[in-house]
> 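Shown below is the structure under consideration.
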Amino acid sequence: MAAPSGPTRITMTEGGPFLVEGPVELELPDGTTVTSERPVVALCACRRTKRYPFCDTSHRRKIRPAQTAESARDTNDDSPDDQAAVR
């Protein structure tokens with residue numbers, strides 16, 4: 001893979017993935033590498049994706065309408081109901 005001609009731009013999105021200007025080569029914690037030649041790559045920040053490290057928009061299913069800050073603190077994302085919602 002050729003070295004980029006300028007700095008790599010990474011855009012952090014609110015509640016969503018990191019958008020990285022490609023092409024990219026990623027080294028995963030287990031030492032394996034994955035590559036993408038796409039012009040922009042969405043990297044998962046929530047770990048809900050089934051295509052890790054790439055985003056599959058699973059984070060969108062976790063949005064709850066009209067949630068207040070107090071009710072958000074009381075929500076357990078690891079409950080069986082929440083886990084079933086992301087499958």
> Partners of R47 by side chain to side chain contact (heavy atoms under 4.5 Å, CB included), sequence neighbours excluded?
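Per chain and number, R47 pairs via side chain to side chain contact (heavy atoms under 4.5 Å, CB included) with Y52.
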
> Nearest 0.5 angstrom please: E25 CD to S36 OG, how far?
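Between atom CD of E25 and atom OG of S36 there are 11.5 Å.
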
> For the pair L43 and L26, evaluate side chain to side chain contact (heavy atoms under 4.5 Å, CB included) and give the outcome as yes or no after the intermediate values.
CA-CA 10 Å; L43 298 178; L26 301 163; 3.4 Å; yes

> Say you draw a straight line from SG of C55 to CZ of R48; how long is it, rounded to the nearest 0.5 Å?
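Result: 11.0 Å between the selected atoms.
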
> Can you list everything that forms a side chain to side chain contact (heavy atoms under 4.5 Å, CB included) with V40? Sequence neighbours excluded, please.
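L19.
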
> Report yes if some heavy atom in the side chain of L28 is under 4.5 Å from a heavy atom in the side chain of T33; otherwise report no.
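Not in contact.
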
> May I ask you to check whether over 12 heavy atoms, not counting those of F54, lie within 6.0 Å of atom CZ?
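Check passes, neighbour count above 12.
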
> My understanding is that only residues two or more places apart in sequence, or in another chain, count here; which of them pass side chain to side chain donor-acceptor pair (under 3.5 Å) with T32?
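Testing T32 for side chain to side chain donor-acceptor pair (under 3.5 Å), a comparison that skips the adjacent residues, returns D30.
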
> Is the shortest side-chain heavy-atom distance between T35 and P23 below 4.5 Å?
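Contact flag for T35/P23 side chains = no.
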
> For the atom pair OG1 (T11) and CD (E21), what is the distance rounded to the nearest 0.5 Å?
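Result: 7.0 Å between the selected atoms.
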
